[in-house]
Asker: 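Before I ask anything, let me first share the structure, which is written out below as structure tokens.
In this chain, numbering begins with 1 at the start of the sequence shown. Note that the structure is predicted; figures quoted are calculated from it, not measured.
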Amino acid sequence: MNQIALEPALAGRKARGAFFTPNELATFISDWAVRSPEDRVFEPSCGEAAFLVAAARRLRGLGAPAGVPRRLFGIDIHEESVALAREALAEESAQSKLASGDFFLLDPPDKRFDAVIGNPPYIRYQSFSGDARACALQAALRQGVRLNGLASSWAAFTVHAAAFLKPEGRLGLVLPAELMSVNYAAEVRRFLLRRFGTVRLVLFEDLVFPGVLEEVVVLLAEGSGGADRFEVFQAKSMSDLVGIAGNAWTPYAPRDHEKWTSALLPIDTLTLYRQVTGGTGFEVLLDWGETYLGAVTGCNDYFAISKAKARELRLPLGELLRIVPPGSRHLQGIEFSTQDWRRLASDNQPCCLFAPRGRPSAAGRRYIAQGERVHIQEAYKCRVRTPWWRVPLVPRPDFLLTYMNHDHPRLVRNNAGAHILNSLYGVRLHAERRRLGQELLHLAFLNSVTLLGAEIVGRSYGGGLLKLEPKEADLLPVPSLDALRNAATRLRSRGETINTRASTQDARLAMEQVDRALLRDELGMAMSDIERFRQARSFLFQRRMARAKGQNGAH
């Protein structure tokens, strides 16, 4: 089939979340899950039966005679895939019972399965809507799992699939790595540890699915009775799956509501990290103040304008507010000064927000009419407010916080007193902490524990970006009030050096200065322990970057 003929088929697969599994991965999971020639195996969302074909070969290898009926079962919503699945299993002389239909409408049978294996459809919440979403959420709720509106299809699928197992059965699934880190998956993580006696995860450094940018994990869960921990095997690629030994797995006991990202770290480093962040030297950013998203204009190209354009439009100064231009690339250091703002303004950057608070001037009314001629008022955020041209502002923050980063998040002191748009978070300190915090918190933020914490509480997105949601930013470990107060003299003496070096492309030198002043001299950490935090952060960072390179090379 040529490429032109393939494109509609590929588009259809993507629409229903179908990404077909490499044979090596299907074989690995089937070999793990199928342990007896008597096992009954179910593949929900079976597609073209990659897992059932592998299971048929496994059953035959265990001594099951060819043609034994009623050992292999599958369902898929796509009738053409089911027909292809029947053909594939017939070629293996494997009898099966396949059906076309919606897995979420299927009730678990009285005689449940020894193994449920497969690759759930991956449909993001934006496309996973209507009756399909309602059925999926109800299926999960019947297992006691309440998923929120941001959940993608795989989450409910995983929970519903477990209901088809015998109490001591085995669940082997290929899942998005979102399982480890996203907030909506917390209920799935808790369910897995509550339902199964053993939970294991295989994580890959390389991308597993050619041409698909989504990072995946393999879930291997079995037994019942609950588990207080799970185990992790870190593989570079699928070739590492051959001969996985019991001693290759790293145990990890998550704290309640904790993401599983930190399971990637050596257990001694993770234990040390927990001790340090749970001690008196660290708090979370929420203890210092409120983190919030910048103002949502509905159309930055219209509302955020340059000084030159404002002069051309003859807009009065009273209808303009000083803003940090949209984006965060121009925030190179850890301070944003009035001089920085003026430099960007002279470079014709959109440093002003059109924001008339009362009745607009004649020039303002002309600009509003100009916007209406190109239908700015019909943009979603504009059409739901009255008047459409009045942007709801957020408080001017003490600090700017970058939340989409290739390297690491930066806490930037807002010396310019600028307003912010939604490409940045603002941090407004509690009144009783403002004086000391405004002076030193942005310096102290550049320590190895905080930067490692960002990798742990954040999540990796396409291209290797590290993203922090506001509630995740709240949980960033930062120096405590007492630690910052006691380290103040040391930080002040290094402040100019830290700020200068943080403005360069290599913030490592600034971090080393902060580590010495805060972690070593104030908190008494050994340099060997500080180095462990640096290496752990570097490992998670390099892992993000390696996946980004793989994504950039995918076609």
Side-chain angles (χ1 to χ4, degrees), residues 126-127 129 290-332 336-405 410 412 414-428 461-463 465 467 469-470:
Q126 297 95 328
S127 303
S129 58
E290 178 189 5
T291 302
Y292 50 88
L293 184 65
V296 180
T297 68
C299 183
N300 285 348
D301 288 344
Y302 173 80
F303 288 99
I305 60 178
S306 66
K307 288 184 69 176
K309 183 172 182 179
R311 285 194 296 269
E312 176 187 324
L313 295 169
R314 298 185 179 181
L315 294 171
L317 292 178
E319 294 183 347
L320 301 172
L321 290 177
R322 178 181 295 185
I323 59 170
V324 182
S328 60
R329 291 183 179 180
H330 42 272
L331 297 175
Q332 296 300 315
F336 183 70
S337 65
T338 299
Q339 183 179 353
D340 293 326
W341 183 87
R342 287 172 176 162
R343 174 177 50 80
L344 291 169
S346 66
D347 288 341
N348 212 32
Q349 295 295 312
C351 293
C352 301
L353 182 73
F354 176 59
R357 307 322 296 167
R359 176 176 169 79
S361 65
R365 291 195 298 275
R366 286 194 298 271
Y367 190 52
I368 291 169
Q370 179 181 325
E372 289 174 345
R373 284 194 294 273
V374 294
H375 308 292
I376 301 296
Q377 74 279 13
E378 296 175 8
Y380 172 67
K381 288 296 182 179
C382 297
R383 71 172 183 264
V384 297
R385 64 186 182 224
T386 303
W388 69 265
W389 41 264
R390 181 163 291 151
V391 175
L393 301 176
V394 298
R396 279 186 295 186
D398 297 308
F399 292 100
L400 321 170
L401 179 63
T402 60
Y403 64 84
M404 291 287 281
N405 302 274
R410 279 160 291 145
V412 181
N414 185 18
N415 293 344
H419 286 269
I420 58 170
L421 303 184
N422 63 339
S423 52
L424 292 168
Y425 293 152
V427 178
R428 190 168 178 83
Y461 273 67
L465 283 173
K467 182 178 181 182
E469 298 291 345

Asker: Quick check for you: to the nearest 0.5 Å, what is the distance between Leu465 atom CG and Asn405 atom CG?
Answerer: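 Output value for this atom pair is 8.0 Å.
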Asker: Please tabulate, one pair per line, all N/O donor-acceptor pairs under 3.5 Å involving side-chain atoms of residues 304-318, not counting sequence neighbours.
Answerer:
residue: Ser306; atom: OG; partner: Lys309; partner atom: N; Å: 3.1
residue: Ser306; atom: OG; partner: Asn348; partner atom: OD1; Å: 3.3

Asker: Side chains of Trp388 and Glu372 only: does a donor on one sit below 3.5 Å from an acceptor on the other?
Answerer: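 Yes, side-chain donor-acceptor contact under 3.5 Å.
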Asker: How long is the gap from CG on Asn422 to NZ on Lys381, to the nearest 0.5 Å?
Answerer: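 Asn422 atom CG to Lys381 atom NZ measures 9.0 Å (nearest 0.5 Å).
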Asker: Which heavy atom of Arg396 sits nearest a heavy atom of Gly417, and at what distance?
Answerer: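 The pair with the smallest heavy-atom distance is CD-O, 2.9 Å.
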Asker: Look up atom OG in Ser423 and atom CZ in Arg329, then write down how far apart they are to the nearest 0.5 Å.
Answerer: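 If I round to the nearest 0.5 Å, the distance is 12.0 Å.
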Asker: Not counting sequence neighbours, list each pair that qualifies as a side chain to side chain donor-acceptor pair (under 3.5 Å) and has a residue in residues 355-367.
Answerer: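 Sorted pair list: Glu319-Ser361.
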Asker: Taking the inter-plane angle between the rings of Tyr403 and Tyr425 on a 0 to 90° scale, is it parallel (under 30°), tilted (30 to 60°) or perpendicular (over 60°)?
Answerer: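 Tyr403 and Tyr425: parallel rings.
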Asker: With rounding to the nearest 0.5 Å, note down the distance linking CG in Leu320 to CG in Leu353.
Answerer: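 Going from CG on Leu320 over to CG on Leu353, the span is 8.5 Å.
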Asker: CG of Leu400 to CG of Asn414: how many Å apart, nearest 0.5 Å?
Answerer: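 Reported value, rounded in 0.5 Å steps: 4.5 Å.
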Asker: Report yes if some heavy atom in the side chain of Asn415 is under 4.5 Å from a heavy atom in the side chain of Asp340; otherwise report no.
Answerer: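 No, their side chains stay 4.5 Å or more apart.
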Asker: Quick one: CH2 on Trp341 to CD on Gln349, what's the gap to the nearest 0.5 Å?
Answerer: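 The distance works out to 12.0 Å.
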